[in-house]
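Okay, so here's the structure we're looking at.
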Amino acid sequence: MLIKAPKGTKDILPDEIVNWQIIEQKANEVFSKANFKEIRTPIFEETSLFERGVGDTTDIVNKEMYTFIKSDRSLTLRPENTAGAVRAYLEHNFFRESPPVKFWYKGPMFRYERPQAGRQRQFHQIGVEMFGIQDASADAEVILLASEFLKSLGLNDLTVEINSLGCNKCRAEYKENLKKAIAPFLDGLCEDCKSRYEKNPLRILDCKNEDCIRLFEENNLKNSVSGIKLCDECSNHYKQLKEYLDILNIKYEENTFLVRGLDYYTKTVFEIKSNNLGSQNAVCGGGRYDGLVETLGGVHTPAVGWAMGVERLNSLIGKIQDNKIDYFVVSDNKQEALKLTYKLRACGFSAEFDYNSRKFIKQLEKASKIAKFAIILGEDEIKNNYLSVKNMETSEQTRETFEDLVK
Ligand code: ATP
Ligand code: MG
C-alpha cells in the first residue's frame with residue numbers, strides 16, 4: 001500500500017511553487033521597506049508557551065494543538081507564531097532596544113481542525129509583530145503594511161474590517177450584557193459555546209457552528225446587544241486609528257461584532273476578508289495585544305500584529321506564471337550540448353539538454369513543454385559555429401552566434 005500525505009496536509013508541487021516564491025519575495029520587499037526584520041523561531045515550543053500565550057479558553061489550545069512528550073517535556077507544534085515571537089523577543093532582550101522592535105515571519109503552522117476548503121492541519125502564515133508602541137499609529141502602520149503587501153500581489157478588492165475590544169474594564173460590562181442576551185437560547189448552542197459562556201462569552205460571537213449562527217440570527221442577538229462601550233482612553237485610541245487610516249486612504253468597515261479567536265487581543269482587532277473565498281473568507285487577522293508580553297513574563301509592553309493565511313492568499317491570486325526554463329538545447333552531440341548548457345547557465349540563463357540524445361523531434365517536443373526557447377545544435381551549427389534559436393511560443397526561428405544570444 002502506498003503511503004499518502006497525512007490528512008489536512010498538502011504537498012506544494014514544483015508547478016505551484018512559483019506563487020509561493022513570489023509571495024515570499026514580495027513579503028520580504030514590502031516589509032523590509034518598513035524596516036521590519038525577518039525572524040525564524042522553532043516549529044515546536046514548550047506547550048506552556050501556547051497555554052499561557054494563546055489562552056486556555058481558546059479552541060486552539062483546547063482542541064487543536066499537536067502536542068507530544070519527549071524526555072518528560074511537553075512540546076507542541078506551533079499553532080501560530082505570535083507567542084513564539086514574544087518568547088524570542090524576551091529571550092534575546094529585544095526589550096532593551098529603543099522601540100519599536102519590528103519582526104516579520106513566514107512558515108508552517110499546525111492546528112488539528114476539520115480539513116475543508118481553505119482549512120488545513122498544516123498551513124502557512126506570513127505575519128508581522130510590532131512591539132513597544134502604544135500610539136494608534138502603530139496599529140495603522142501594520143494595517144497599511146497588510147494592505148501594501150496585498151496590493152503588491154495585485155489584490156485590491158478586499159475589505160478591511162476593524163473593531164475595538166477595549167480593555168478589561170470596557171469588556172466587563174459588555175460580557176454581562178452579552179450573557180443576558182444569550183441566556184434565553186443558551187441550551188441550543190454548541191458545547192463549545194456553552195463553555196465559552198462561562199469562560200469567555202465574547203468569543204461566542206466568533207463561533208463558526210452553523211446552528212449557533214442560525215440561533216444568533218433568529219434571536220436577533222446582534223441587535224439586542226450593541227458594541228462594546230469603550231472607556232475614554234480606548235475610545236480615543238480607536239478614534240485616532242480611524243483618523244490615521246483615513247489619512248492613509250485605507251478603506252475600512254467597522255464591525256462591532258468582530259472579536260477574533262484568540263485570548264490576547266486588547267483595543268484594536270481587524271480582519272481582511274475577500275468575497276471570493278467562500279465560507280473561509282478571512283485572509284488576514286490581527287490586532288493589538290498589550291497584555292501578552294507581560295503574560296509571558298516580561299514587563300508591560302504594548303504590541304500589535306497580524307497573520308495572513310498563505311493558502312487562502314494563494315487561491316486569491318491564482319496561478320501567477322508557469323516556470324519554464326529559458327533554453328533547451330536540442331542536439332545529438334551530447335558533449336557539445338552539455339558544454340553549451342553550462343555556458344548558458346554561466347551567463348545567468350536557466351538551461352537543460354537531453355540526457356538521452358533522443359530523436360530531434362522528441363527533443364523538440366520536450367523543449368516545447370519545458371522551455372521558452374529551443375537551441376538547435378546540429379552538425380551544420382557545430383561546424384559553422386552558430387546556433388538556431390527557436391521561440392517555442394511563436395515557432396519563429398533565428399540564426400545567432402553564442403555571443404549575440406547572450407547579449
Ligand atoms: P478562522 O476564523 O478562519 O479559523 P482564525 O481566527 O483561526 O481563522 P488566525 O489564527 O488569526 O485565524 O490566523 C490568521 C489567518 O490564518 C486566517 O485569517 C487564515 O487566513 C489563516 N488560517 C487560520 N487557520 C487556518 C487553517 N486551519 N488552514 C488554513 N489557513 C488558516
Ligand atoms: Mg480558527
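Each residue takes its place number in the sequence, starting with 1. Note that ligands are numbered from 1 as they come in the structure, with each ligand's atoms numbered from 1 the same way.
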field: Candidate list Phe149, Phe103, Tyr105, test ring pair (Phe, Tyr, Trp, His ring centres under 6.0 Å), partner Phe31, passing option
entry: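 The single option meeting the ring pair (Phe, Tyr, Trp, His ring centres under 6.0 Å) with Phe31 is Phe149.
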
query: Is the closest side-chain donor-acceptor distance between Asp139 and Thr268 under 3.5 Å?
result: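 Short answer, yes.
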
task: Kindly tell me which protein residues have any non-hydrogen atom under 4.0 angstrom away from an atom of ligand 1, grouped by chain and ordered by number?
output: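 These residues qualify: Arg111, Glu113, Gly118, Arg119, Gln120, Phe123, Gln125, Lys208, Arg260, Ala282, Val283, Cys284, Ala307, Gly309, Arg312.
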
- prompt: Out of curiosity, Asp192 CG to Asp206 CG, how far, rounded to the nearest 0.5 Å?
  reply: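 Rounded to the nearest 0.5 Å, the CG-CG separation comes out at 11.5 Å.
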
Parallel, tilted or perpendicular: ring planes of Tyr355 versus Phe353, cut at 30 and 60 degrees: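 It falls in the tilted class, 30° to 60°.
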
message: Do Arg171 and Tyr174 form a cation-pi contact, if we require the NZ or CZ to be under 6.0 Å from the six-membered ring centre and within 45 degrees of the ring's axis?
response: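 Cation-pi check for Arg171 and Tyr174: fails.
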
Which side-chain N or O atoms in residues 125-137 pair as donor and acceptor under 3.5 Å with protein atoms at least two apart or in another chain?
| residue | atom | partner | partner atom | Å |
| --- | --- | --- | --- | --- |
| Glu129 | OE1 | Tyr289 | OH | 2.5 |
| Glu129 | OE2 | Thr82 | OG1 | 2.8 |
| Gln134 | NE2 | Asp290 | OD2 | 3.4 |
| Asp135 | OD2 | Ser137 | N | 2.9 |
| Asp135 | OD2 | Ser137 | OG | 2.7 |
| Asp135 | OD2 | Tyr244 | OH | 3.0 |

